[in-house]
Q: 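Have a look at this one before I ask anything.
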Amino acid sequence: MHRVDPSLSRIPVPSEELAALPDGTAVELHGMVQRIRRLSWGAFVVLRRHDGLVQCVVPAEAAGDAMSRLREEQSVLFRGTLRKAGIKDVSIRLRTAELQVEGVEFLCTPDEPPSVDLTKKVLELNLDTSLDLRPVSLRHPVERARLRIADALCHGFRQYLRSAGFTEIHTPKICFAGAEGGANIFKVQYFDRQAFLAQSPQFYKQMAVAFFERVFETGPVFRAEPHQTSRHINEYTSLDLEMGFIGGFADIMATETALLASMMEHLRGACSYEIDLLGARLPAVPPSIPAVTLAEAHSIAGAASGRDYSAEPDLEPEEERLVCEHASREWESEFVFVTHFPTSKRPFYTMDDPDNPGTTLGFDLLFRGLEVTTGGQRIHEYGMQVEKLKSFGLDPADFDSYLMAHRAGLPPHGGLAIGLERLTARILDIENIRLATMFPRDAKRLTP
RNA sequence: GGUCCGGUAGUUCAAUGGUUAGAGCACCGGCCUGUCACGUCGGAAGUUGCGGGUUCGAGUCCCGUCCGGACCGCCA
């Protein structure tokens, strides 16, 4: 037996701390070689570290044959001293100092040069190429910065909800039945039975309301729909929450408003480098996000386009854009809630509005022309839920384990789900949400 | 699933139906150089997605097929 050496648990020094070190401090930096500019006396080597790029000065005499062995995408360990510098390149994170290298250790040299030019300021790849080459293309500073934004949003989501009395849960992704119904569910072989991939943590988070009152989850959900658009993928990250003891569905919208404000504040603080690099324009979350009914949304969109949408049971993508433009112009909000979708268009667990029969206490949140959230108040009474299942043509017996929670009593509750990739894409003004996804899954893409 | 658009070098793109299909970046070699999208000279790099057809001649026109994209349906 031997014990693990605890001193091996080293944390890479953040760039902010490097920037604060006095001139001449001896440091060791590891990383991968992002780009090399060879000069007569040596080379400038831009090192890709965990949190950003740093410029290193490698004199020819620094380490024997190091100059001739240097390659892009090598893993290296540089020993040297920090020196003040004024670096113009905004893709470099540490701009006030550089590493004067005195010793080089090569940890790994790639077998082939990268298949795309990672030294460019912007990786100008076709979407398909970028996705095919994901293990390489994501090494580019701009490409990986998008995922860092998504990470910060996720972190902000967790941080706010934990501070607001929510418990993080982890629900199964292999399920007996789907929450949303319909044919858009992936079947999987589960030993000798058929199971399904979760379309949503809906059932489980509702059950959890009875024991944790407020819960959230960040995890994958799966939709087997053959859609082929810039805003759909078949596996996406759902930022879910569910909360009990609500006074009405407006409580949920109010919670999302505070949540989004907190997430943006966190993002601004955690990702200033990435925000600058990507030229991201963070939205201001108003103290109160405007809300319109579906009927009002149709009327706003109709006035803008001259078309009549009033018979549509749902919002068309064009309407989402028009309503957002209207909200931005007239109400100074890039966010807008749309409420009261028809009963037939919302899942069976959605509560109907007793004051407006045929419509639901559900909402969508539109942001910069795209639906980024769906939420609503759920049915908490057993009898009401059984009746609605039947009216949807479903057999309550198929939902016995779900209805067990209703029979045992549930507080009035509701919740929502934010599409992480969609939110990220709209914040960054990315055309296709696949670029806000590390390894997107769609009808035509299963690798990498 | 429907409609429309596209597929040329590793990559991003050019190329009236008419010489040997070109350019930038990357790559390889030389020169220069505290660079920062470094500069400069040269080199290598192609089954024009695939199959058929029209034509004296097809990257280009036609048909089929494969792959991809946008929009729609559906949804976050």
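Given the structure is predicted, the values throughout are model-derived calculations rather than measurements. The chains referred to below are lettered A, B, ... by the order of the sequence lines, with proteins before strands, and numbering in each begins at 1.
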Q: Tell me if the side-chain of A/R422 makes a donor-acceptor pair with the base of B/C75, cut-off 3.5 Å, by modelled atom types.
A: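 When only heavy-atom distances are counted, A/R422 does reach the base of B/C75 through a donor-acceptor pair under 3.5 Å.
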Q: Among B/G34, B/C36, B/C72, which is the nearest nucleotide to the side chain of A/D89?
A: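 Per side-chain heavy atoms of A/D89, the pick is B/C36.
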Q: Between B/C61 and B/G43, how far apart are the P atoms? Round to whole Å, please.
A: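 Roughly 33 Å separates the two P atoms.
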Q: Base contacts versus sugar-phosphate-only contacts with protein, heavy atoms under 4.0 Å: please encode nucleotides 1-11 of chain B as B, S and - from 5' to 3'.
A: B--------SS
Q: Using the closest heavy atom to pick a nucleotide of RNA chain B for each, name whichever of A/E312 or A/D442 lands nearer the 5' end.
A: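 Counting from the 5' end, the first nearest nucleotide belongs to A/D442.
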Q: Nearest to the side chain of A/L127, which nucleotide is it out of B/C36, B/U33, B/G69?
A: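 It is B/G69.
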Q: For A/E72, report the nucleic acid contact type (base, sugar-phosphate, nothing); a contact means any heavy atom under 4.0 Å.
A: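 Sugar-phosphate contact only - A/E72 comes under 4.0 Å of backbone atoms but never of a base.
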Q: For B/A14 and B/G6, measure between their C1' atoms and round to the nearest Å.
A: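 Each nucleotide's C1' atom is 16 Å from the other's.
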Q: Using the C1' atoms only, state how far B/U54 lies from B/G42, rounded to an integer number of Å.
A: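 It comes out at 43 Å once rounded to the nearest Å.
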Q: Expressed as a whole number of angstroms, how long is the span from A/H232:NE2 to B/C72:C1'?
A: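 Atom NE2 in A/H232 sits about 11 Å away from atom C1' in B/C72.
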Q: Considering just the side-chain nitrogens and oxygens of A/K120, establish if one lies under 4.0 Å of OP1 or OP2 belonging to B/U12.
A: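 Answer no for this pair, as no side-chain N or O of A/K120 is under 4.0 Å from OP1 or OP2.
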Q: Within the 4.0 Å heavy-atom criterion, would you say A/S230 contacts the bases, only the backbone, or no part of the nucleic acid?
A: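 Answer is sugar-phosphate: A/S230 comes under 4.0 Å of backbone atoms only.
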Q: Send over the distance from A/R38 CZ to B/C31 C1', rounded to a whole Å.
A: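 So the CZ-C1' distance, A/R38 to B/C31, works out to 15 Å.
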Q: Please give me the minimum heavy-atom distance between A/E143 and A/L435, naming the atom from each residue.
A: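 Minimum heavy-atom separation between A/E143 and A/L435: OE1-CD2, 4.3 Å.
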Q: Between B/C28 and B/G10, how far is it from one P atom to the other, in whole Å?
A: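 Here B/C28 and B/G10 have their P atoms 16 Å from each other.
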Q: Is A/E334 close to A/R426 at the side-chain level, that is, under 4.5 Å between some pair of heavy atoms?
A: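 A/R426 vs A/E334: side chains apart.
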Q: If you check every side-chain atom of A/N432, which of B/C74, B/G69, B/A76 has the closest atom?
A: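 Side chain of A/N432 sits closest to B/G69.
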Q: Mind calculating the distance between CZ (A/R445) and P (B/C67) to the nearest angstrom?
A: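 Nearest whole value for this atom pair: 13 Å.
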Q: Base of B/G34, side chain of A/E98 - is there a donor-acceptor contact under 3.5 Å?
A: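 Such a pair exists between side chain and base.
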Q: Would you tell me if any nitrogen or oxygen in the side chain of A/R93 comes within less than 4.0 Å of OP1 or OP2 on B/C36?
A: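 Result: no.
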Q: Answer with base, sugar-phosphate or nothing: what part of the nucleic acid does A/T373 contact at a heavy-atom distance below 4.0 Å?
A: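 Counting heavy atoms under 4.0 Å across all strands, the contact made by A/T373 is with sugar-phosphate only.
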Q: Is the phosphate of B/C32, meaning OP1 or OP2, less than 4.0 Å from a side-chain N or O of A/S40?
A: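 Indeed not, no polar side-chain atom of A/S40 lies that close.
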Q: Paired with B/C36 by Watson-Crick or G-U wobble geometry, both distances under 3.5 Å: which nucleotide is it?
A: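 Across all strands, not a single nucleotide pairs with B/C36.
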Q: Show, in sequence, the C-alpha distance, side-chain angles and deciding distance for A/E274 and A/R144, and conclude whether the salt bridge (charged side-chain N to carboxylate O under 4.0 Å, His left out) test is met.
A: CA-CA 9 Å; A/E274 287 83 3; A/R144 76 169 177 172; over 6 Å; no
Q: Is it the case that the side chain of A/R378 and the backbone of A/G415 share a donor-acceptor pair, with hydrogens and angles ignored and the cut-off at 3.5 Å?
A: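 A pair under 3.5 Å: yes.
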Q: Can you see which heavy atom on A/D89 is nearest to which on A/R95, and at what distance?
A: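 In terms of heavy atoms, the two residues are closest at O-CD, 3.1 Å.
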Q: With sugar-phosphate meaning primed atoms plus P, OP1 and OP2, does A/E320 contact a base, only sugar-phosphate, or nothing at under 4.0 Å between heavy atoms?
A: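 The residue A/E320 makes base contact.
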Q: Which value, in whole Å, describes the distance between the P atoms of nucleotides B/A15 and B/G51?
A: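 One P to the other, the span is 24 Å.
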Q: Between B/A76 and A/Y236, is there a base-stacking contact, meaning the centre of the base's six-membered ring lies under 5.5 Å from the residue's ring centre while the planes stay under 30° apart?
A: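 Stacked: centres under 5.5 Å apart, planes under 30°.
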Q: What is the base-pairing partner of B/G22, counting Watson-Crick and G-U wobble geometry with both distances under 3.5 Å?
A: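 With both distances under 3.5 Å, B/G22 matches B/C13.
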Q: With respect to the side chain of A/K121, which nucleotide from B/A37, B/C71, B/U35 is positioned closest?
A: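 From the listed options, B/A37 comes nearest.
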Q: Can you name the nearest heavy-atom pair linking A/S333 to A/P286, along with the distance?
A: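 The answer is OG-CG, 3.4 Å.
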Q: Any salt bridge linking A/E28 with A/R79? Criterion: basic side-chain nitrogen under 4.0 Å from a carboxylate oxygen.
A: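 Salt bridge between A/E28 and A/R79, a charged N being under 4.0 Å from a carboxylate O: yes.
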Q: Measure CD/A/E225 against P/B/C71 and give the value in whole Å, please.
A: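 After rounding, the reported distance stands at 16 Å.
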Q: At under 4.0 Å between heavy atoms, what does A/I233 touch on the DNA or RNA strands: base, sugar-phosphate, or nothing?
A: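 The answer is base, as A/I233 lies within the cut-off (heavy atoms under 4.0 Å) of a base atom.
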Q: Taking the side chain of A/T229 as its heavy atoms from C-beta onward, which of B/G73, B/C74, B/A76 lies nearest to it?
A: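 For the A/T229 side chain, the nearest candidate turns out to be B/G73.
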Q: Which nucleotide in the list B/C72, B/C74, B/G24 gets nearest to the side chain of A/R321?
A: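 Nearest listed nucleotide: B/C72.
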Q: Using 4.0 Å as the upper bound for N to carboxylate O, is an ion pair formed by A/R268 and A/E265?
A: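 Result for this pair is no, no salt bridge flagged.
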Q: Taking B/G53 as the reference, what is the distance to B/G17 when you measure between their P atoms (whole Å, please)?
A: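 Result for the P pair: 23 Å, nearest Å.
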Q: Round to a whole Å and report the spacing from CG of A/L370 to P of B/A70.
A: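 After rounding, the reported distance stands at 13 Å.
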Q: Starting at CH2 of A/W41 and ending at P of B/U35, how long is that distance when rounded to a whole Å?
A: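 In whole Å, B/U35 P and A/W41 CH2 are 9 Å from each other.
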Q: Applying a 4.0 Å non-hydrogen cut-off, can you work out what A/G86 is touching in the nucleic acid: base, sugar-phosphate, or nothing?
A: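 Since a base atom lies under 4.0 Å of A/G86, the category is base.
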Q: Of all residues at least two apart in sequence or in a different chain, which pass the salt bridge (charged side-chain N to carboxylate O under 4.0 Å, His left out) check with A/D117?
A: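 Result, salt bridge (charged side-chain N to carboxylate O under 4.0 Å, His left out) vs A/D117: none returned.
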Q: From the list B/G73, B/G68, B/C36, which nucleotide is the closest neighbour of the side chain of A/D128?
A: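 Of B/G73, B/G68, B/C36, B/G68 is nearest to the side chain of A/D128.
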Q: Given the P atoms of B/G30 and B/U48, what is the spacing between them in whole Å?
A: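 One P to the other, the span is 33 Å.
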Q: Provide, to the nearest angstrom, the distance between the CD1 atom belonging to A/I36 and the P atom belonging to B/C36.
A: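 Distance check: A/I36 CD1 to B/C36 P gives 16 Å.
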Q: Measure the spacing between CD1 of A/I427 and CD1 of A/I275 and express it to the nearest 0.5 Å.
A: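 The CD1 atom of A/I427 sits 8.5 Å away from the CD1 atom of A/I275.
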Q: Determine the interatomic distance between C1' on B/G22 and the same-named atom on B/A44; round to the nearest Å.
A: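 Per the computed distance, 15 Å lies between those C1' atoms.
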